[in-house]
Amino acid sequence: MKITKEVQAQARRLMRLCTGADGLLDEAVLRRVTAEVETRKPRNYVQLLTALTALVRLEQARRTATVTSAVPLTAEQQAAVRAKLDARRPGLIYEWHTDPALIAGMTVKVGDNVTDASVKSRIERLSRISS
C-alpha cells in the first residue's frame with residue numbers, strides 16, 4: 001500500500017496533536033484521535049492510520065533505552081545509568097538485559113544511537129587493527 005506525501009503530512013499533523021507540551025506522546029489523546037479517524041473514515045484513512053502507526057513506533061523507539069550489560073546491574077548501578085541518560089533525554093523507558101558475551105562493560109541503545117562500552121567490542125576493534 002502506497003502512502004502519499006499528503007497522507008504522510010496529515011499523519012505528522014495528527015502526531016503533533018498527540019504530543020504534549022513536554023514532548024511526550026499522550027496515549028489518551030492518541031486513542032481519541034485514532035477512534036475519531038476510524039469513525040469519520042476520511043479519504044485514505046487506512047493509509048493515514050498506517051502512517052500514524054509508523055510514526056508512533058518511531059517515537060516509541062526514540063523514547064526507549066535498552067541497556068545490555070555483561071552481568072546483572074545492581075539497583076545503584078541502574079540508578080546511576082538512569083541519572084546520566086535522563087540528564088540528556090528525560091522521559092526514557094528503560095529495558096535491562098544481560099549478555100555474558102560482552103565479557104564486561106555495557107551497551108546502551110536509545111533509538112538509533114548505540115553507545116558500546118563493552119570489552120567484546122574493544123577486542124573486535126583491536127583485532128581489526130592488527131589484521
Side-chain angles (χ1 to χ4, degrees):
M1 159 178 24
K2 185 173 179 176
I3 298 175
T4 64
K5 289 181 182 181
E6 179 183 328
V7 171
Q8 282 287 354
Q10 289 173 345
R12 285 192 299 274
R13 284 193 293 272
L14 289 177
M15 189 69 176
R16 281 193 297 273
L17 284 174
C18 298
T19 304
D22 55 0
L24 298 176
L25 190 62
D26 188 344
E27 187 177 338
V29 175
L30 178 64
R31 287 183 190 281
R32 285 194 305 264
V33 165
T34 54
E36 189 67 26
V37 169
E38 288 175 347
T39 302
R40 290 187 182 195
K41 296 185 181 181
R43 185 177 196 180
N44 298 324
Y45 79 97
V46 174
Q47 290 87 355
L48 178 61
L49 290 175
T50 302
L52 183 61
T53 301
L55 290 174
V56 168
R57 283 190 182 137
L58 284 173
E59 182 61 25
Q60 187 176 15
R62 270 187 249 142
R63 295 287 178 190
T64 302
T66 304
V67 181
T68 306
S69 59
V71 295
L73 299 177
T74 64
E76 296 84 24
Q77 291 169 328
Q78 286 184 1
V81 171
R82 280 180 197 265
K84 287 187 178 188
L85 291 175
D86 283 340
R88 292 183 192 168
R89 292 181 92 172
L92 290 174
I93 300 165
Y94 292 90
E95 294 179 359
W96 304 93
H97 301 283
T98 57
D99 182 6
L102 294 178
I103 302 171
M106 70 176 67
T107 62
V108 179
K109 180 180 179 195
V110 180
D112 290 340
N113 298 327
V114 177
T115 303
D116 192 347
S118 66
V119 172
K120 177 183 176 184
S121 69
R122 291 180 185 180
I123 291 172
E124 288 173 354
R125 279 184 272 165
L126 287 173
S127 68
R128 284 192 299 252
I129 291 172
S130 63
S131 295

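Just so you know, these numbers use all the heavy atoms, side chains as well, and skip hydrogens, waters and symmetry mates. Numbers here simply count residues along the sequence, with the first being 1.
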Next item on the list: Kindly write out the residues that satisfy salt bridge (charged side-chain N to carboxylate O under 4.0 Å, His left out) with Glu36, not counting sequence neighbours, or none if the list is empty.
Entry: Arg40
Margin query: Please check if the number of heavy atoms outside Arg122 that lie under 6.0 Å from its CZ is greater than 12.
Written below: no
Next item on the list: Look up atom CG in Leu55 and atom OG1 in Thr50, then write down how far apart they are to the nearest 0.5 Å.
Entry: 11.0 Å
Note to self: Quick check on the hydrophobic clustering: are Val56 and Val29 connected, directly or via other members, by side-chain heavy-atom contacts under 4.5 Å?
What the structure shows: yes
Checklist line | Which atom of Ala11 lies closest to which atom of Leu48, heavy atoms considered | finding: N-CD1, 3.5 Å
Notebook entry, point to check: Can you tell me how far the CG atom of Leu126 sits from the OG atom of Ser121, to the nearest 0.5 Å?
Noted result: 9.5 Å
Next item on the list: Say whether Leu102 and Val71 are linked into one hydrophobic cluster, either directly or through other cluster members, by side-chain heavy-atom distances under 4.5 angstrom.
Entry: no
Note to self: Before you tell me yes or no, could you show the steps for Leu25 and Met15 under side-chain contact (heavy atoms from CB on, under 4.5 Å), namely the whole-Å CA-CA distance, both residues' side-chain angles and the distance that decides it to 0.1 Å?
What the structure shows: CA-CA 8 Å; Leu25 190 62; Met15 189 69 176; 3.8 Å; yes
Notebook entry, point to check: CZ of Arg82: more than 12 outside heavy atoms within 6.0 angstrom?
Noted result: yes
Item checked: Gap between atom NE2 of His97 and atom OG1 of Thr107 - 0.5 Å precision -> 9.5 Å
Checklist line | From CD1 (Ile3) to CD (Gln10), nearest 0.5 Å | finding: 11.5 Å
Notebook entry, point to check: When rounded to the nearest 0.5 angstrom, what is the spacing between CZ in Arg12 and CG in Leu14?
Noted result: 11.0 Å
Item checked: Any Thr98 side-chain heavy atom under 4.5 Å of Ser69 side chain -> yes
Note to self: So for atom CD, which belongs to Gln60, do other residues, nucleotides or ligands contribute more than 12 heavy atoms lying within a distance under 6.0 Å?
What the structure shows: no
Item checked: same_hphob_cluster(Leu92, Leu73) at 4.5 Å side-chain heavy-atom cutoff -> yes
Notebook entry, point to check: Heavy-atom count around Asp112 CG within 6.0 Å, excluding the residue itself: above 12?
Noted result: no
Checklist line | Separation between CG of Leu30 and OG1 of Thr19, rounded to the nearest 0.5 Å | finding: 9.0 Å
Checklist line | Side-chain heavy atoms of Asn44 within contact of Glu6, under 4.5 Å | finding: no
Item checked: Co-membership, hydrophobic cluster, residues Val46 and Leu52, 4.5 Å side-chain -> yes
Notebook entry, point to check: Are Val7 and Leu17 joined in one hydrophobic group, where the rule is that I, L, V, M, F, W and Y side chains link up if heavy atoms are under 4.5 Å apart?
Noted result: yes
Note to self: Does any part of the side chain of Val110, heavy atoms only, come nearer than 4.5 Å to the side chain of Arg88, both counted from C-beta?
What the structure shows: no
Notebook entry, point to check: Considering all heavy atoms of both residues, which atom of Asp86 and which atom of Gly91 are nearest to each other, and what is their separation?
Noted result: OD1-N, 4.3 Å
Notebook entry, point to check: How close do Leu85 and Ala65 get, heavy atom to heavy atom, and via which atoms?
Noted result: CD1-CB, 4.2 Å
Margin query: Could you check whether any side-chain heavy atom of Glu38 comes within less than 4.5 Å of a side-chain heavy atom of Leu49, counting everything from C-beta outward?
Written below: yes
Checklist line | Neighbour count >12 (heavy atoms, 6.0 Å) for atom CD, Gln77 | finding: yes
